[in-house]
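Below: one structure, written as structure tokens.
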Amino acid sequence: MAQGNSVLEVKNLTHVYTDSRSHVETEVIDNVSLSFQEGKFVCVLGPSGCGKTTMLNIIAGFIRPTSGSVVFEGKEVKSPSPERAMVFQDYALFPWLTVSGNIQFGLMMKNTPAKVREAKVTEYLEMMGMKGFEHKYPFELSGGMKQRVGLARALAVEPKMLLLDEPFGSLDAQTRRTMQRELFRIMAQAKKTSIFVTHSIDEALFLSDRLIVMSARPTRVLIDIELKSAKPRQRSDKEYSEVYEKVDKVITAEVSKSIE
Amino acid sequence: MSSRVRKIRENAYVMNTIGIAVFIALWWLAVEARLISPLFVASPLAVVQVLFTQTASLAQNTYITLVTLVESFLVAAAIGILAGAVTGAFDVADWVISPILDLLRSVPNVAWVPLAIIWFGIGIESQIFVSAFSAFFPIFTNTYVGFKSVRPSFIRAGYNLGASDRDVFFRIRLPASLGQVFPGLKLGIQNGMAGLIAIEFLDSTSGLGFMMGEASDFFKANIVIMDMLMIGLLGFALTMTLVLAEKRFLGWQRRTS
Ligand SMILES: Nc1ncnc2c1ncn2[C@@H]1O[C@H](COP(=O)(O)OP(=O)(O)O)[C@@H](O)[C@H]1O
Ligand SMILES: [Mg+2]
């Protein structure tokens, strides 16, 4: 998949965790190479525990890979950067800051003037449909709202890329559906190059321009396809059902493999 | 607060008062009926009388103990929070400092009194040393644990949003640890008081500990008990000050109502 403007390259990525006590080695990522194109919303699917979070953490720069590299805009990733903003599964909102304080945290780190920060907070809260929540604390918010703030906080630093690690994984089914629609609307507006990790095929098919399916541990790429049909997709769409069936078969096989 | 919660809370206050009143009444009766000798336990009346017969001495010694305790506490809090934060946040500091402190921790606070007196002589310096030393460990340990156990995703989120090491230390680890630091400070006040009373009692010419020791030599149980009450009151007042500060700084924590 060489066409388009590549923003991020994952090259021969391998990762092995070594337990610090027992020195037992767990190979998690096995020689994965991927290239991410500008403006695309890419979903990464894979059985739980296969190494999706590990891969995203390496892309974010939180951990260094055992071998291989991640190259972002021509430079090797060695540490975290607001250019690749993360939305965490556990939200990771700072509980001692208000909604407003959380959203403008990244801007404060850049010494952005207070006026500009306030304006950004207003802008992103409006985008999230959360006007008037500036002074609430995270503990006063529902899960869905927390993740909206998590998304706003990531978008507020105007990253080149958005990394989302099962952002709706802790939400109930109903809220999850709402958030998927919300994210679709927001992404249509924000147009960010994104990597979205999920284990829901429906979620992936609903949102993605491209779908990558990973194997059980040590993880490899099993399927990598571009979805051509227009979004938002319906379950009744031809492409939707075809891809669903194919992906479902592969994932079911992988999950049963990882259980054995 | 809902009216139901308020009602339960008011009921609790009433029960507290009843509990204390019953306790004092039983104490009084026991002494009046000579179930206990007044030589060992003075009657509540005799204890209250100390307020009038020993006003100046009581006020002065209470004041001295209060000031010494606050000074010791401030020293302990400053050093304890700083050391705890640095050891909790940086592995190198942890490896160097923690073993030494673990060693020192095993020595009971009162066992420092003789050495403190050799170093500083009898007086305010040795008192502050022992009291601050006693207050230090719970403050240090709680701060250390707080800084050490900050949720990794908070720290990751910080760096991800462009925070420097310094920002992560002050804007993430510090606020994230406050919930642990405050209980440490409260324990610190209690330990600091224990250490201070011990050294005042053993080697001093002023303070509530000294006053108690003197009264004890003359078998004045009423004065001893009044001193104990003052110690309790001081400890309570200082702890409440910390509780207020905690409410002010930790308002963002999940409230139950
Ligand atoms: N810090 C770590 N040390 C050792 N093993 C880890 C660590 N983090 C994750 N693992 C292991 O690596 C595997 C992949 O984890 P993860 O990347 O979180 O998977 P996923 O996000 O796909 O569920 C799991 O088996 C997990 O137990
Ligand atoms: Mg994961």
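Hydrogens, waters and symmetry mates play no part in the numbers below; they use all other heavy atoms, side chains included. Small disclaimer: the values here were computed from a predicted structure and weren't measured. Every chain is numbered from 1 and lettered A, B, ... according to where its sequence line falls, protein lines coming before strand lines.
Here M109(A) is the residue among K110(A), E83(A), M109(A) with the most heavy-atom pairs under 4.5 Å with chain B. The most heavy-atom pairs under 4.5 Å with chain B, out of G106(A), P82(A), A60(A), come from P82(A).
Heavy atoms from other residues, nucleotides or ligands lying under 6.0 Å from NZ of K148(B) number more than 12.
When heavy atoms are compared at a cutoff of 4.5 Å, L178(B) does not approach chain A at all. When heavy atoms are compared at a cutoff of 4.5 Å, R153(A) approaches chain B by way of both its backbone and its side chain. Proximity to chain A involves both the backbone and the side chain of R156(B), based on heavy atoms less than 4.5 angstrom apart. Using a 4.5 Å cut-off between heavy atoms, N160(B) touches chain A through backbone and side chain atoms alike. Proximity to chain B is limited to the backbone of L93(A), based on heavy atoms less than 4.5 angstrom apart.
To the nearest 0.5 Å, atom CG of residue N102(A) and atom CG of residue L161(B) are 9.0 Å apart. Atom CH2 of W252(B) sits about 13.0 Å away from atom OG1 of T98(A), to the nearest 0.5 Å. Remark: L97(A) CG to R171(B) CZ distance equals 9.0 Å, nearest 0.5 Å. Taking CZ of F105(A) as the reference point, atom CD1 of I172(B) lies at 4.0 Å (rounded to 0.5 Å).
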- Applying side-chain contact (heavy atoms from CB on, under 4.5 Å), run through F88(A) and F154(B) and close with a yes or a no. CA-CA 10 Å; F88(A) 295 83; F154(B) 288 163; over 6 Å; no

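Contact between F139(A) and G251(B) at its shortest, heavy atoms only, is CE2-O, 4.1 Å. Contact record, G158(B) with F94(A): N-CZ, 4.0 Å, taken as the closest heavy-atom pair.
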